[in-house]
Structures are given as C-alpha cells and as structure tokens.
Amino acid sequence: MDPGALALDLNAYVNRENAQDAEAGEHVDELWITETTIGGGGFVEEFFARYVEDPRRYCRLLDDVLSGSDLEAIGDELARILDMVSSARPEHSSLVNAFSAVRVATSHREGLRAQTALRSELARRDIQPTTTLMVSVNTRLLGSGTSGNMDCFAAALAREWQAAEVALNVEIDARVFALVKSSDATLERALGVTPAGDSESARRAWRFGVLYSMFWPRGAQIRAESLRAWNPFERLPESDRLLVIAAVSWSVRQIAVSNANWFDELARVLLEDGSAELVAAADNGGQLADALLRIGAEPVDSEAILVHARVTGIRRDGGRFKAAVELPEAFQ
C-alpha cells in the first residue's frame, strides 16, 4: 500500500455525545489512523487479519522500528573506518591501499576493481559494506581532492566531536560542530588548497560547507527521520525511539555466545519466555554463525517434546550482532 494511504492524527477532534463520554475522553490518550482513500482501501481490516495470524510478528516489527536504523549504524562505522585508515598500524595497510586505489582510479574498470577490493577489506574487519555505507564512504571520505592527510584530519575531528559530546553530555548536531570548526584554518592545510574569498567571513563560509559535507548526521536527527509520520493537514511532532525505550521495559533477555553454556541458557530462557536474543561482538561473527547452525540442528527439550527454535532476524546494534530466536510453539 502507498505510504500516503494512511494519515496519523494525534489531536483528532471527537464529538462526544454526552458529558460522561466527554469526561472519559479527557483521561484517555487517543490517536487516529485514517485511510485517505474515500470509502477505505481495506488496510485496517487486512492488518487485523495478519495480526491474528501471528501476533509475535507484529511485536518483532515494532521492536525493529525501536532498534537502531542503518543510518545510525553508519555513523559508528564511518568513525571506525577513519580510525583504521589513519592509525598507521600494519594490519590496516591493505585498507589504506584500497582507499588509495579508489582515489586514483581513472576508468570504470579500475574503479569497479577498486570498489570490490574496498568491500572485501571492510568485510574482513567485520564492517558490513552495505549500499548505504558505501555511498557514505565514497561521498564523504573518498570524494575528489581527498587524500591520506584528509583521512587523518577527519579522524581527529571525529574523535574531537565524540569527546565534546561526552564532556558536555549532549548530542551535538553536525551543523553546529561544522560551524564551530569553520574558524579553524587547519582544513585548507589538510586539503592543500586555498579557500575561496578575500574576507575571513567568506573563508569561514567555505570551510563550513566543506566540513558539513564531510560530517554525517547523527543522534536525534537520524532517530527522528526513521520514525517520521505523514499527515497532510498538520505537522506532527518529532519522534525519538529512545524515549519509548526509556519508558518501557525491554523484556527480551540476552544470551552471549561467548558463554560456554550459551545453548543450555538459551533453551532455558526460550522455555520460560518464548523468545530471546543471542548476542555476539561485531568482530566475533564466525562464532555467532556457528551458534545459529547449532540452533537449526539441535532441538530444545521442553520435557514433553523436542522442538526446534527458529531465528526470526539478525541485526547490527553498535558493536554487537543480535540474533532474535523464538519457539514457534510458545504461547502468543
């Protein structure tokens, strides 16, 4: 269904017929989801039918929306990549060479070969080379005029950005940080260029534009984007998934695959709760893969019958992989 087929109203006017209904309405929070198609398109009825088939699926979709989006993960991955290419450590020399190959490519064939090598180097370091990440890497880190000196400069800025957020205990918008650093002439020395403009204000404007093109959106700006709802008649307030997470308890228990007895613990939690999350560090994806194979091959003893758990999804959350596991026979 087209996303514009539904409209969300948080302040819908309700004409209540008597005082009792009006008083009851004052103590109830209401939201209206209205089909914009005249006569309706059957979406609400279809939703109820799908929900009855598998309520857990709806809960999984809700949990997925409240988890970090791929855009949030990209910010962390870009910072990790910059630390690697600017560290001068021997184990990351092949990644530095892959960056250089992309920059010096002069034909489509060379560029394709360099991009393939870059994807392989990122994957070897447990960084998922998704389409969204590769677009960000190419536009923000490997654009025209960039170099190894620029990588070191950008890595230092990223560390300063994160340190400032920790010190102030607030999220700093990319535009704010770019504006603050626009008075620093280190940028043109890293790029090896002379900024346009004869006045200091013109040079600051130039620096702001270059810096902002290098930085990536983070924090509340990204979280609000992934939860944005549409209404043609009013502007809805910005949403933030962290508010919901802070207000409700996270009921899914987590089991680390690094634990030697992880399967027995997982089986116990599945029998008690019906679902669980298997967690592994981002640099330990091989152990998680082995664990998922064992889940598919080895049944769980419910003391009545042997049942197989199923993996319902795998996601990246910061520096960890999380695999959602459930028992289909569990109470819904």
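Note that CG of Leu142 is 11.0 Å distant from OG of Ser147, once rounded to the nearest 0.5 Å. Here CG of Leu62 is found 13.0 Å from CZ of Arg57. Values are rounded to the nearest 0.5 Å. In this structure, CD1 in Ile127 is found 11.0 Å from CG in Asp76, a value given to the nearest 0.5 Å. In this structure, Glu298 CD and Asp301 CG are separated by 10.5 Å, a value rounded to the nearest 0.5 Å. Thr116 contributes atom OG1, which lies 12.0 Å from atom CD of Glu121 (distance to the nearest 0.5 angstrom). Rounded to the nearest 0.5 Å, atoms NE2 (His92) and CD1 (Ile81) are 11.0 Å apart.
By the side chain to side chain donor-acceptor pair (under 3.5 Å) test, Asp264 is found to be paired with no residue, residues two or more places apart in sequence or in another chain being considered. Partners of Ala281 by side chain to side chain contact (heavy atoms under 4.5 Å, CB included), not counting sequence neighbours, listed by chain and number: Asp283, Asn284. Residues that satisfy the side chain to side chain donor-acceptor pair (under 3.5 Å) test with Ser107, not counting sequence neighbours, are absent from this structure.
At a threshold of 4.5 Å between side-chain heavy atoms, the hydrophobic network of Ile, Leu, Val, Met, Phe, Trp and Tyr places Phe153 and Leu179 in two separate groups. Hydrophobic clustering, with ILVMFWY side chains joined whenever heavy atoms are under 4.5 angstrom apart, keeps Val44 apart from Leu8. When hydrophobic clusters are built by joining Ile, Leu, Val, Met, Phe, Trp and Tyr residues whose side-chain heavy atoms come closer than 4.5 Å, directly or via intermediates, Ile222 is grouped together with Trp216. Note on Trp262: it does not cluster hydrophobically with Val279, by side-chain heavy-atom contacts below 4.5 Å among ILVMFWY residues. The hydrophobic clustering, which links ILVMFWY residues whose side-chain heavy atoms are closer than 4.5 Å, places Ile245 and Leu61 apart.
At least one side-chain heavy atom of Arg218 sits less than 4.5 Å from a side-chain heavy atom of Glu165. For the pair Leu6/Thr34, no side-chain contact is recorded, criterion being any heavy-atom separation below 4.5 Å from C-beta on. Residues Leu278 and Lys322 are not in side-chain contact: their nearest non-hydrogen atoms beyond the backbone lie 4.5 Å or more apart. Within the 4.5 Å cutoff, the side chain of Leu187 has heavy atoms near those of the Trp206 side chain. Annotation: side chain of Leu157 is in contact with side chain of Leu211 (closest heavy-atom distance under 4.5 Å). Put simply, the side chain of Val269 does not reach to within 4.5 Å of the side chain of Leu266, judged on heavy atoms. Between Ser136 and Ile74, the closest side-chain pair of non-hydrogen atoms falls below 4.5 Å. Contact check for Leu118 versus Met134: side-chain heavy atoms found under the 4.5 Å cut-off.
No hydrogens or angles considered: nothing links the side chains of Glu326 and Thr312 as a donor-acceptor pair under 3.5 Å. When only modelled atom types and interatomic distance are considered, Ser94 and Arg125 share a side-chain donor-acceptor pair under 3.5 Å. One side chain, Asn138 or Gln115, offers a donor N or O that lies under 3.5 Å from an acceptor on the other. A donor-acceptor pair shorter than 3.5 Å can be found between the side chains of Ser199 and Ser201.
Glu200 and Arg204 are not joined by a salt bridge, as no carboxylate oxygen comes within less than 4.0 angstrom of a charged side-chain nitrogen. Asp83 has no carboxylate O lying under 4.0 Å from a charged side-chain N of Arg80, or vice versa, which leaves the two without a salt bridge. Comment: Glu238 does not engage Arg223 in a salt bridge, judged by the lack of any side-chain N to carboxylate O separation of less than 4.0 angstrom. Classification of Arg253 and Asp273 as a salt-bridged pair holds, one side-chain N sitting under 4.0 Å from a carboxylate O. A salt bridge between Glu72 and Arg241 is present, with a side-chain N of the basic residue lying under 4.0 Å from a carboxylate O of the acidic one.
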Inset, instruction - Could you check Arg103 against Thr146 for side chain to side chain donor-acceptor pair (under 3.5 Å), going step by step and ending with a plain yes or no? - result: CA-CA 8 Å; Arg103 286 171 172 146; Thr146 59; 2.9 Å; yes
Inset, instruction - Show your working on side chain to side chain contact (heavy atoms under 4.5 Å, CB included) between Leu133 and Val137 and close with a plain yes or no. - result: CA-CA 6 Å; Leu133 176 63; Val137 169; 4.1 Å; yes
Legend entry - Stepwise side chain to side chain contact (heavy atoms under 4.5 Å, CB included) check, Arg119 with Gln128: CA-CA 8 Å; Arg119 287 176 179 272; Gln128 293 177 295; over 6 Å; no
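Within a 6.0 Å sphere centred on CZ of Arg89, other residues, nucleotides and ligands contribute more than 12 heavy atoms. Environment of CZ in Phe47: crowded, with over 12 heavy atoms of neighbouring residues, nucleotides or ligands closer than 6.0 Å. The 12-atom threshold is not exceeded at CZ of Arg109, counting heavy atoms of other residues, nucleotides or ligands nearer than 6.0 Å. More than 12 heavy atoms of other residues, nucleotides or ligands lie within 6.0 Å of CG in Leu236, so this atom counts as buried by the packing criterion.
Ring orientation note: the planes of Tyr51 and Tyr58 are nearly perpendicular, at an angle over 60° on the 30°/60° scale.
Between Ala154 and Met214 the shortest heavy-atom distance is CB-CE, 3.8 Å. For the residue pair Asp173 and Trp161, the shortest heavy atom distance occurs at C-CZ2, 4.4 Å. What you find for His308 and Ala297 is that their closest heavy atoms are NE2-O, 3.7 Å. Contact record, Gln162 with Ala79: NE2-CB, 3.8 Å, taken as the closest heavy-atom pair. Counting all heavy atoms, side chain and backbone alike, Ala174 lies closest to Tyr212 at CB-CE1, 3.9 Å. The shortest heavy-atom contact between Leu270 and Leu327 is O-CD1, 3.7 Å.
Looking at Ser86, its side chain never comes within 3.5 Å of a backbone N or O of Asp151 through a donor-acceptor pair. Side-chain N or O atoms of Gln287 include none that pairs as donor or acceptor with a backbone N or O of Ala280 at under 3.5 Å.
Val85 pairs with exactly one of Leu141, Asn97, Leu95 by the side chain to side chain contact (heavy atoms under 4.5 Å, CB included) rule, that one being Leu95.
Judged by a 6.0 Å distance limit and a 45° cone about the ring axis, Arg315 is not positioned over the six-membered ring of Phe321.
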